[in-house]
K.L.:
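The structure's right below; bear with me while I get my questions together.
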Amino acid sequence: MDFGVVLQTTPPAGRVVELSRLAETYGFTHVWTFDSHVLWQEPYVIHSAILNATRKVVVGPMVTNPATREWSVTASTYATLNEMYGPRTICGIGRGDSAVRTLSGRPTTLATLREAVHVIRELANGRPVQHRGQTVRLPWAREHPGAPTEVWVAAYGPKALALTGEVADGFILQLGDPDIAAWTIKAVKDAAAAAGRDPDSVKVCVAAPAYVTDGGAAALEHARAQCRWFGGMVGNHVADIVERYGTDGGGANPVPAALTDYIAGREGYDYNQHGRVGNTHADFVPDEVVDRFCLLGSPAEHVARLRDLQALGVDQFALYLQHDAKEQTLRAYGDLVLPALAEQVPALSREPA
């Protein structure tokens, strides 16, 4: 299992770069950032600085969208970063949330998302594509067959999960509950198989806040308070699903009640507090949901949850660092969690006689 970190591009930008560098020293392979240009600083500018300050980590947004940036501009950004720093970019994309809603917009349609995934991937990797009624190519962009820029789609609802399996290089699930992960991963893999793709070719990333504690009750309560915002953020997406499909999700692959029931007490969402600790619109999120959606507790409890996710076919866990223990969490993962999950390779082997 690979490990990534998810960072808000909150000023000062140098702090984001330093956390990225620190994550790499602890063995993390990916650095993701929010992409919401009104609420936070422009991520792609900071991506360049992160790539310059690190050696190997792959960098990209979690997640961008097809609405706020013209697709060829997005692709050109990745191709430029790849030329400058080697092929070390990744595109996480979804229909759009805070980046579009803060400008009174709405998430794009799934049809638009499908088309954007194709156009961005082809152009970023130096290939021609049909875009806006003509053949477009970035003539200076190089193709990197061994390390292409991949496009991973963030999804929750049945139709978005199906689209992900049909066209994406990877699937991003923004919550850490194994039961919901099992449902979503199956939906993505089944859709990939139905589309004639190898289901194993679609990589899976689970992203959620992680807060390592000493295992005590008081420490756990503090960790919950630091991570409750995440349930509010996820609830915003779940509310869209309920609006579209109803509380049972409908169809042959209904949305689990574990994902929809908890938003019954939700009373709106203030994007001025999006993704922030202590925000007032996350009060409806119960402790049980915080515990299920996030990874909280002792290092051993983190390892146990991650092993459950790994058994479901999760290729990467990306931990959100929007809390008051950023360095401590990175250190605990680097010193205790990642080593416990690494494959044990024998130092010596005996050849058969």
Side-chain angles (χ1 to χ4, degrees), residues 1-8 28-36 43 47 57-66 74 78 89-100 107-108 110 113-114 116-118 120-121 124 148-178 180-189 191-192 197 199-210 230-231 233-238 240-241 255 259 275 293-295 306 309-310 312-322:
M1 181 184 285
D2 286 336
F3 286 85
V5 293
V6 187
L7 304 170
Q8 286 178 351
F28 288 79
T29 60
H30 289 69
V31 172
W32 306 85
T33 71
F34 284 41
D35 178 7
S36 194
H47 289 177
V57 291
V58 176
V59 178
M62 186 181 283
V63 293
T64 192
N65 68 85
T74 299
Y78 296 127
T89 63
I90 189 168
C91 176
I93 193 168
R95 294 174 56 226
D97 186 31
S98 64
V100 295
T108 63
L110 289 175
L113 177 60
R114 181 187 296 271
V117 167
H118 176 65
I120 292 170
R121 179 167 50 211
T149 292
E150 296 182 338
V151 182
W152 293 22
V153 172
Y156 292 105
K159 291 183 179 179
L161 293 169
L163 179 150
T164 303
E166 291 163 2
V167 304
D169 298 302
F171 163 48
I172 298 171
L173 173 64
Q174 291 166 300
L175 58 82
D177 180 274
I180 296 173
W183 173 75
T184 57
I185 292 169
K186 182 179 186 302
V188 169
K189 301 287 187 177
R197 304 179 69 195
D200 292 336
S201 70
V202 184
K203 300 171 186 175
V204 177
C205 173
V206 164
F230 184 71
M233 186 183 80
V234 172
N236 190 52
H237 297 285
V238 175
D240 284 345
I241 295 172
V255 180
L259 184 59
F293 284 16
C294 306
L295 274 67
L306 290 165
L309 293 171
Q310 194 172 36
L312 294 174
V314 173
D315 301 288
Q316 180 183 155
F317 175 67
L319 58 93
Y320 284 85
L321 281 181
Q322 282 72 57

K.L.:
Can you measure from CD (Gln8) to CG (Leu321) and round to the nearest 0.5 angstrom?
P.N.:
10.5 Å
K.L.:
Decide yes or no on side-chain contact (heavy atoms from CB on, under 4.5 Å) for Tyr156 and Leu173, but give the supporting numbers first.
P.N.:
CA-CA 7 Å; Tyr156 292 105; Leu173 173 64; 4.1 Å; yes
K.L.:
Does the Thr29 side chain pair with the main chain of Phe3, one donor and one acceptor, at a distance under 3.5 Å?
P.N.:
yes
K.L.:
Going through the distances and angles, do Leu295 and Leu319 end up as a side-chain contact (heavy atoms from CB on, under 4.5 Å)?
P.N.:
CA-CA 9 Å; Leu295 274 67; Leu319 58 93; over 6 Å; no
K.L.:
For the residue pair Leu113 and Leu163, what are the closest heavy atoms and their distance?
P.N.:
CD2-CD2, 4.3 Å
K.L.:
Quick one, Asn65 and Pro107 - any side-chain contact, counting heavy atoms below 4.5 Å?
P.N.:
no
K.L.:
Dump the intermediate steps for side-chain contact (heavy atoms from CB on, under 4.5 Å) on Tyr320 and Phe34, then the final yes or no.
P.N.:
CA-CA 10 Å; Tyr320 284 85; Phe34 284 41; 3.5 Å; yes
K.L.:
Can you find a heavy atom in the side chain of Ile185 that is under 4.5 Å from one in the side chain of Val314?
P.N.:
yes
K.L.:
Checking Asp315 side chain against Val204 main chain: does a donor-acceptor pair fall under 3.5 Å?
P.N.:
yes
K.L.:
Walk me through whether Val167 and His118 qualify under side-chain contact (heavy atoms from CB on, under 4.5 Å).
P.N.:
CA-CA 8 Å; Val167 304; His118 176 65; over 6 Å; no
K.L.:
Give me the atom names and distance for the closest heavy-atom approach of Asp169 to Glu150.
P.N.:
OD2-CA, 3.4 Å
K.L.:
Do you know which two heavy atoms are closest between Ala124 and Tyr78, and how far apart they sit?
P.N.:
CB-CB, 4.1 Å
K.L.:
Show the nearest heavy-atom pair for residues Val63 and Ala154, with the distance to one decimal.
P.N.:
CG1-CB, 3.9 Å
K.L.:
What's the separation between atom NE2 in His47 and atom OG1 in Thr89, rounded to the nearest 0.5 Å?
P.N.:
10.0 Å
K.L.:
Distance only, no hydrogens: is a donor on one side chain within 3.5 Å (strictly under) of an acceptor on the other, for Gln316 and Trp152?
P.N.:
no
K.L.:
When you measure from the side chain of Arg121 to the backbone of Ala168, do you find a donor-acceptor pair of N or O atoms at a distance under 3.5 Å?
P.N.:
no
K.L.:
Enter the distance from Asp35:CG to Met62:CE here, rounded to the nearest 0.5 Å.
P.N.:
12.5 Å
K.L.:
Rounded to the nearest 0.5 Å, what separation is found between the CH2 atom of Trp183 and the CG atom of Leu161?
P.N.:
5.0 Å
K.L.:
Could you grab the distance from atom OG1 of Thr184 to atom CD1 of Ile172, nearest 0.5 Å is fine?
P.N.:
12.0 Å
K.L.:
Heavy atoms only: give me the nearest Ala162-Ala191 pair and the separation to one decimal.
P.N.:
O-CB, 3.4 Å
K.L.:
Which pair of non-hydrogen atoms, one from Pro61 and one from Ile90, has the smallest distance, and what is that distance?
P.N.:
CD-O, 3.4 Å
K.L.:
Given 3.5 Å as the limit, does a donor-acceptor pair link the side chain of Arg95 with the main chain of Leu110, or not?
P.N.:
no
